[in-house]
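I have a structure I would like to understand better, so I am pasting it below and will then ask my questions one at a time.
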Amino acid sequence: MKQQLIKAEKLKAVEQMGAAISHEIRNPLTAASGFVQLLQDNHLTRQKQREYLSIVKEELNSAERVIQDYLTFAKPSFVTNEELNVKSELRQIIKIIQPMANQNSVEILTDFAVIGFIKGESQKFRQCFINVLKNAVESMPNGGQLFISSEFSQDYLTIKVKDTGVGMTKEQLDRLGEPFYSTKGSKGTGLGMMVVHSIVRALDGTIWAESELGIGTTFYFEFPTIKHL
Ligand code: ADP
Ligand code: MG
């Protein structure tokens, strides 16, 4: 009975989130489609055409960002109890984020525990850390350093992600993970950290952060390990 209630609640939460996400995707798509219609006018000047095309591109990018921040997480997966090799997972994730880091002149430094396994889904784990690392890189538009490390302490695996970026105020730090909370204007979705929090919870982990304006931000993650050598 209790189990069913929890399921119903979860379903409701997913439905509400789905509605909110659809809205976030539909808006930019509607705008893009409107400008495509305008572009069908043969009498437009070259300059107007260029202007409209760049709006279409920006709106499509905006829809894509929502999908990127959220969708892997929403996708149902059949394997829920994989044994994740944290070190190789993190290496994969860094490969994905590296081009973005290069673009921002961000140097990635790592220090990983020799080996360590946690229980979870690779896809969710990756979505979680891609969102965190993306934020870190975005917090350093003029370059900086991104330190990613993992270590064992007793039965836990700790992952630390530290950036030398813009940092956050106490208020920003408190609001982290709130759906649609973003300081990036039209360049942000405010979904990334919400997804991170849900995934960490699903992996039986905990997350906390320290931040100082103008100095940088450090995220700590703790997950129960299933074995260590
Ligand atoms: P988005 O990245 O789309 O803005 P997120 O949910 O990923 O949304 O992040 C929410 C907000 O948290 C960001 O807009 C930013 O203000 C803040 N934030 C998250 N990570 C960092 C970080 N590493 N450094 C500074 N601010 C951060
Ligand atoms: Mg983000």
Side-chain angles (χ1 to χ4, degrees), residues 13 16-18 20-29 58-74 90 93-94 96-110 123-150 158-203 205-221:
Q16 277 171 357
M17 197 46 72
I21 305 293
S22 315
H23 180 257
E24 290 306 295
I25 296 174
R26 195 173 298 130
N27 276 348
L29 289 184
E58 190 38 56
E59 295 297 325
L60 292 178
N61 281 343
S62 165
E64 200 199 356
R65 273 196 292 273
V66 176
I67 294 169
Q68 269 183 359
D69 278 0
Y70 180 77
L71 208 68
T72 314
F73 153 77
L90 288 172
I93 294 160
I94 289 170
I96 296 169
I97 216 82
Q98 189 73 58
M100 197 186 159
N102 293 346
Q103 238 171 36
N104 279 28
S105 308
V106 168
E107 183 187 5
I108 300 181
L109 302 160
T110 60
Q123 196 184 42
K124 290 208 165 92
F125 186 86
R126 287 181 192 187
Q127 171 93 60
C128 173
F129 283 94
I130 286 169
N131 285 0
V132 170
L133 296 182
K134 245 167 67 180
N135 281 339
V137 171
E138 283 165 0
S139 82
M140 301 183 276
N142 303 315
Q145 285 177 320
L146 176 53
F147 305 94
I148 308 161
S149 61
S150 70
T158 314
I159 298 170
K160 190 168 136 184
V161 176
K162 182 175 186 291
D163 66 59
T164 58
V166 293
M168 281 177 269
T169 63
K170 168 120 191 4
E171 199 248 339
Q172 287 175 317
L173 201 54
D174 285 343
R175 294 192 64 182
L176 213 58
E178 211 175 275
F180 305 112
Y181 171 70
S182 174
T183 56
K184 296 173 192 167
S186 66
K187 292 255 178 279
T189 65
L191 287 173
M193 287 308 296
M194 178 206 76
V195 167
V196 167
H197 279 91
S198 327
I199 295 175
V200 169
R201 213 176 311 129
L203 294 173
T206 45
I207 170 177
W208 68 99
E210 291 165 355
S211 189
E212 211 176 320
L213 219 52
I215 304 284
T217 304
T218 308
F219 282 96
Y220 299 89
F221 299 83

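Remember, it's 1-based here, ligands and their atoms both numbered in the order they're listed.
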Q. At what distance is the nearest protein heavy atom to atom 1 (P) of ligand 1, and which residue and atom is it?
A.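 Here the closest protein heavy atom is G190 N, 3.7 Å.
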Q | Salt bridge E58-R65, side-chain N to carboxylate O under 4.0 Å | A |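 Yes, E58 and R65 are salt-bridged.
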Q: For A136 and ligand 1, answer yes if some heavy atom of the residue is under 4.0 Å from a ligand atom, otherwise no.
A: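 A136: in contact with ligand 1 (<4.0 Å).
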Q: Report the C-alpha separation of E138 and K187 in whole Å, then their side-chain angles, then the decisive distance to 0.1 Å, and conclude whether the side chain to side chain contact (heavy atoms under 4.5 Å, CB included) test is met.
A: CA-CA 10 Å; E138 283 165 0; K187 292 255 178 279; over 6 Å; no
Q: Specify the protein heavy atom at minimum distance from atom 3 (O) of ligand 1: its residue, its atom name, and the distance to 0.1 Å.
A: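 Closest protein heavy atom to atom 3 (O) of ligand 1: T189 N, 2.6 Å.
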(Q) List ligand 1 atoms under 4.0 Å from G192, heavy atoms only on the residue side. (A)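 Near G192, meaning under 4.0 Å from one of its heavy atoms, ligand 1 has 5 (P), 6 (O), 7 (O).
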Q. What residue and atom, counting heavy atoms only, is the protein's closest point to atom 6 (O) of ligand 1, and at what distance?
A.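 The protein heavy atom lying closest is M193 N, 2.8 Å.
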Q) With a 4.0 Å cut-off on heavy atoms, is D163 touching ligand 1? A)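 For ligand 1, residue contact (heavy atoms, under 4.0 Å) with D163 is present.
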Q) What's the verdict on side chain to side chain contact (heavy atoms under 4.5 Å, CB included) for F180 and E24, showing C-alpha distance, side-chain angles and the deciding distance? A) CA-CA 10 Å; F180 305 112; E24 290 306 295; 3.2 Å; yes
Q: Give the residue, atom name and distance (to 0.1 Å) of the protein heavy atom nearest atom 19 (C) of ligand 1.
A: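 Answer, as residue, atom name and distance: N135 ND2, 3.6 Å.
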Q | N104/M100 under side chain to side chain contact (heavy atoms under 4.5 Å, CB included): CA gap, chis, key distance, verdict | A | CA-CA 7 Å; N104 279 28; M100 197 186 159; 5.6 Å; no
Q. So, is N135 placed with an N/O/S atom under 2.8 Å from the Mg ion (ligand 2), counting both backbone and side chain?
A.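 Checking the Mg ion (ligand 2) against N135, an N, O or S atom does fall under 2.8 Å.
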Q.
Could you measure the distance from the CE atom of M168 to the CZ atom of R175? Nearest 0.5 Å is fine.
A.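 With rounding to 0.5 Å, CE (M168) is 13.0 Å from CZ (R175).
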**Q.** Spacing of CD1 belonging to I108 relative to CD1 belonging to I97, to within rounding of 0.5 Å
**A.**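 Result: 7.5 Å between the selected atoms.
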Q. What is the closest protein heavy atom to atom 11 (C) of ligand 1, and at what distance does it sit?
A.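 Sorting protein heavy atoms by distance from atom 11 (C) of ligand 1 puts Y181 O, 3.9 Å first.
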Q | Option of least heavy-atom distance to atom 4 (O) of ligand 1 (set: S182, G177, S211, G188) | A |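 Minimum heavy-atom distance to atom 4 (O) of ligand 1 goes to S182.
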**Q.** Interatomic distance, L176 atom CG to M193 atom CE [nearest 0.5 angstrom]
**A.**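 The CE atom of M193 is 4.0 Å from CG of L176, to the nearest 0.5 Å.
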Q. Are any non-hydrogen side-chain atoms of M194 and D69 less than 4.5 angstrom apart?
A.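 A side-chain contact under 4.5 Å is absent here.
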Q.
Looking at K170 and D174, is any side-chain nitrogen of the basic one under 4.0 Å from a carboxylate oxygen of the acidic one?
A.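 Salt bridge between D174 and K170, a charged N being under 4.0 Å from a carboxylate O: yes.
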Q: Determine whether the side chain, the backbone, both or neither of M168 has a heavy atom under 4.0 Å from any heavy atom of ligand 1.
A: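 Within the 4.0 Å criterion, M168 contacts ligand 1 through side-chain atoms alone.
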Q) What atoms in ligand 1 come closer than 4.0 Å to a heavy atom of K184? A)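 By the 4.0 Å cutoff, the relevant atoms are 1 (P), 2 (O), 4 (O), 13 (C), 14 (O).
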Q: Would you mind running through ligand 1 and noting each atom that sits below 4.0 Å from a heavy atom of T183?
A: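 The atoms of ligand 1 under 4.0 Å from a heavy atom of T183 are 13 (C), 14 (O), 15 (C), 16 (O).
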Q) Should one rank V166, L176, D69 by closest heavy-atom distance to atom 17 (C) of ligand 1, which comes out on top? A)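 It is L176 that holds the nearest heavy atom.
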